[in-house]
Amino acid sequence: MPRLATFNVNSIRRRVPHLKRFLARHQPDLLFLQELKCRTEEFPALELAETGYRLHAVGQPGGRNGVAVLGRVPFEVTAEALPGEAADDHARFVTVKALGGEIAGLYLPNGNSGGEAGFAYKLRWMERLAAWAAERLDHFTPVALLGDFNVCPTAADLAPGALPPTDALVRPESRARFRALLNLGLTDALRALHPAEAPYTYWDYGPAFDTNRGLRIDHILLSPEWAERLSGCGVDTAARAEDQPSDHAPVWCELNFG
DNA sequence: ATGACCATGTTACATGGA
């Protein structure tokens with residue numbers, strides 16, 4: 001029963017204890033991290049060595065972005081960047097071959113900074129992501145996409161009034177491209193198992209968590225082979241309730257193999 | 001009823017985040 005998980009840590013160097021506690025609570029087989037906010041060589045590999053997980057970090061100078069994968073099952077890193085734009089040096093994407101398929105960990109651009117050019121970058125990035133997924137689905141490769149998508153897919157995926165309608169996380173163009181991903185044949189795992197609720201995965205710092213004024217922006221998307229085997233999915237809100245937490249909570253899913 | 005964050009880089013703010 002392999003478990004996959006995603007966790008936007010909002011600085012890995014500030015969140016090592018939280019990460020260790022999450023690993024102990026959930027023991028995911030593969031965990032994808034976002035917003036490392038450090039260079040690759042600054043990733044706290046030594047502090048995490050005791051967990052026994054294999055680590056692969058993709059950092060970036062300047063304290064922005066950054067993704068990583070941790071595994072206790074064998075995995076092979078297949079890419080450290082999203083194809084489709086040679087000049088794109090953001091550390092937002094890592095892929096591995098594992099569990100008989102290919103799995104992407106991603107940190108999608110927020111799209112609220114940099115004006116319309118920044119928003120266009122987000123939309124282009126989503127189209128490149130769809131191309132990456134389509135290529136694998138066309139070959140019937142089992143695929144999972146996990147990460148911080150920075151999109152609330154529907155109005156049910158954020159607390160009323162939590163964001164203005166002009167925000168890049170809820171703009172129709174962003175939502176249309178998220179739907180385009182689903183229309184390739186991917187299943188939104190959390191939505192599939194919890195259709196009536198829409199568990200949030202992010203709460204702003206301050207009173208938002210206590211009042212449950214949150215957003216659902218961290219997602220796990222599964223190709224049909226794995227969606228059929230989806231046996232559990234949830235949000236680890238315990239991580240968000242800890243001291244000095246990330247503003248995101250981890251999302252996990254369990255696949256019923258064999 | 002009201003108020004109200006955090007992280008980085010660089011050094012008292014600016015920027016990004018969502």
Side-chain angles (χ1 to χ4, degrees), chain A residues 6-19 32-44 47 57-68 88-93 105-123 125-126 129 146-175 177-178 190 198-220 235-237 239-251:
Chain A
T6 174
F7 188 10
N8 179 324
V9 290
N10 189 15
S11 172
I12 185 59
R13 289 175 292 181
R14 300 263 178 172
R15 233 62 74 187
V16 167
H18 308 72
L19 175 54
F32 293 85
L33 304 179
Q34 302 89 39
E35 280 209 88
L36 303 180
K37 294 191 170 180
C38 69
R39 299 164 182 268
T40 302
E41 61 271 24
E42 293 169 329
F43 188 85
E47 296 173 60
V58 183
Q60 180 181 313
R64 301 239 162 85
N65 308 321
V67 293
D88 188 352
D89 57 357
H90 291 208
R92 296 182 176 276
F93 192 72
L106 61 102
Y107 176 46
L108 219 145
N110 175 303
N112 280 309
S113 64
E116 280 306 303
F119 186 57
Y121 173 66
K122 174 182 191 145
L123 299 182
W125 210 96
M126 297 187 79
L129 182 63
L146 296 89
D148 178 356
F149 284 67
N150 269 319
V151 178
C152 303
T154 72
D157 297 310
L158 74 165
L163 293 175
T166 53
D167 193 284
L169 278 63
V170 299
R171 276 177 64 170
E173 300 94 324
S174 307
R175 286 177 165 169
R177 280 156 184 81
F178 188 87
L190 194 56
Y200 301 141
T201 66
Y202 164 93
W203 298 262
D204 196 8
Y205 289 114
F209 184 64
D210 288 337
T211 56
N212 197 27
R213 191 179 166 90
L215 315 174
R216 191 173 77 94
I217 53 177
D218 301 272
H219 305 301
I220 299 177
V235 181
D236 182 54
T237 51
R240 185 62 182 81
E242 293 179 339
D243 285 339
Q244 301 182 320
S246 168
D247 40 7
H248 294 251
V251 182

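Each chain gets a letter, A, B and so on, in the order its sequence line appears, and its residues count up from 1.
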N/O donor to acceptor pairs below 3.5 angstrom from side-chain atoms of residues 36-43 of chain A, sequence neighbours left out:
| residue | atom | partner | partner atom | Å |
| --- | --- | --- | --- | --- |
| A:Lys37 | NZ | A:Asn10 | OD1 | 2.9 |
| A:Thr40 | OG1 | A:Gly59 | N | 2.8 |
| A:Glu42 | OE1 | A:Arg39 | N | 2.8 |

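Taking the six-membered ring where the residue is Trp, the centroids of A:Tyr121 and A:His90 are separated by under 6.0 Å.
Comparing the same atom, C1', in B:dT2 and in B:dC13 gives a spacing of 28 Å after rounding to whole Å. Going from the C1' atom of B:dT8 to that of B:dA12 covers 14 Å, rounded to whole Å. Taking the C1' atom of each, B:dA1 and B:dA14 are spaced 34 Å apart, rounded to whole Å. Annotation: B:dT10 and B:dG16 have their P atoms spaced 15 Å apart (nearest Å). B:dA4 and B:dT15 have their P atoms separated by 23 Å, given to the nearest Å.
The only option from A:Phe209, A:Trp203, A:Tyr202 that meets the side chain to side chain contact (heavy atoms under 4.5 Å, CB included) definition with A:Asp247 turns out to be A:Tyr202.
Remark: the A:Gln60 side chain and the A:Asn65 side chain contain an N/O donor-acceptor pair separated by less than 3.5 Å.
By the 4.5 Å heavy-atom criterion applied to side chains, A:Arg213 and A:Asp204 are not counted as neighbours.
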> Checking ring-ring contact (aromatic ring centres under 6.0 Å, His included) for the pair A:Phe178/A:His219: CA distance, chi angles, key distance, verdict?
Replying inline: CA-CA 11 Å; A:Phe178 188 87; A:His219 305 301; 5.0 Å; yes
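Residue A:Asp218 is classed as having no contact, given no heavy-atom separation below 4.0 Å to the nucleic acid. Using a 4.0 Å heavy-atom cutoff across all strands shown, A:Ile217 reaches sugar-phosphate atoms only and no base atom. Within the nucleic acid shown, A:Gln244 has no heavy atom closer than 4.0 Å to any nucleic acid atom. Counting non-hydrogen atoms under 4.0 angstrom, A:Tyr107 reaches the backbone sugars and phosphates but no base.
Distance A:Tyr205 OH to B:dC5 P: 13 Å, rounded to the nearest Å. The distance from atom NZ of A:Lys122 to atom P of B:dG16 is 15 Å, rounded to the nearest whole Å. We find that CZ of A:Arg240 is positioned 13 Å from P of B:dA18, with the value rounded to whole Å. If you measure from atom CG of A:Asp247 to atom P of B:dA7, you get 9 Å, rounded to the nearest angstrom. As a whole-Å value, the separation of A:Glu35 CD from B:dT15 C1' is 13 Å. In this structure, the OH atom of A:Tyr202 is 12 Å from the P atom of B:dA7, given to the nearest Å. Straight-line distance from the CZ atom of A:Phe209 to the P atom of B:dA18: 17 Å, rounded to whole Å. Atom CG of A:Asn65 is separated from atom P of B:dA18 by 9 Å (rounded to the nearest Å).
One finds no side-chain N or O of A:Ser113 lying less than 4.0 angstrom from the OP1 or OP2 phosphate oxygen of B:dT15. Between A:Asn150 and B:dA18, a side-chain N or O to OP1/OP2 separation shorter than 4.0 Å is present.
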Polar atoms only, N or O, under 3.5 Å: list the protein pairs with nucleotides 8-10 of chain B and their distances.
| residue | atom | partner | partner atom | Å |
| --- | --- | --- | --- | --- |
| B:dT8 | OP1 | A:Ser11 | OG | 2.7 |
| B:dT8 | OP2 | A:Arg14 | NE | 3.0 |
| B:dT8 | OP2 | A:Arg14 | NH2 | 3.1 |

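Each of A:Gly206 and A:Pro109 was matched to the nucleotide of DNA chain B holding its nearest heavy atom; the match closer to the 5' end belongs to A:Gly206.
Residue pairs meeting the ring-ring contact (aromatic ring centres under 6.0 Å, His included) criterion with at least one member in residues 151-172 of chain A: none, sequence neighbours excluded.
Across every non-hydrogen atom of A:His248 and A:Asp218, the tightest pair is ND1-OD2, 2.8 Å.
Checking B:dA18, B:dA7, B:dA4 against every side-chain atom of A:Arg15, the shortest atom distance belongs to B:dA7.
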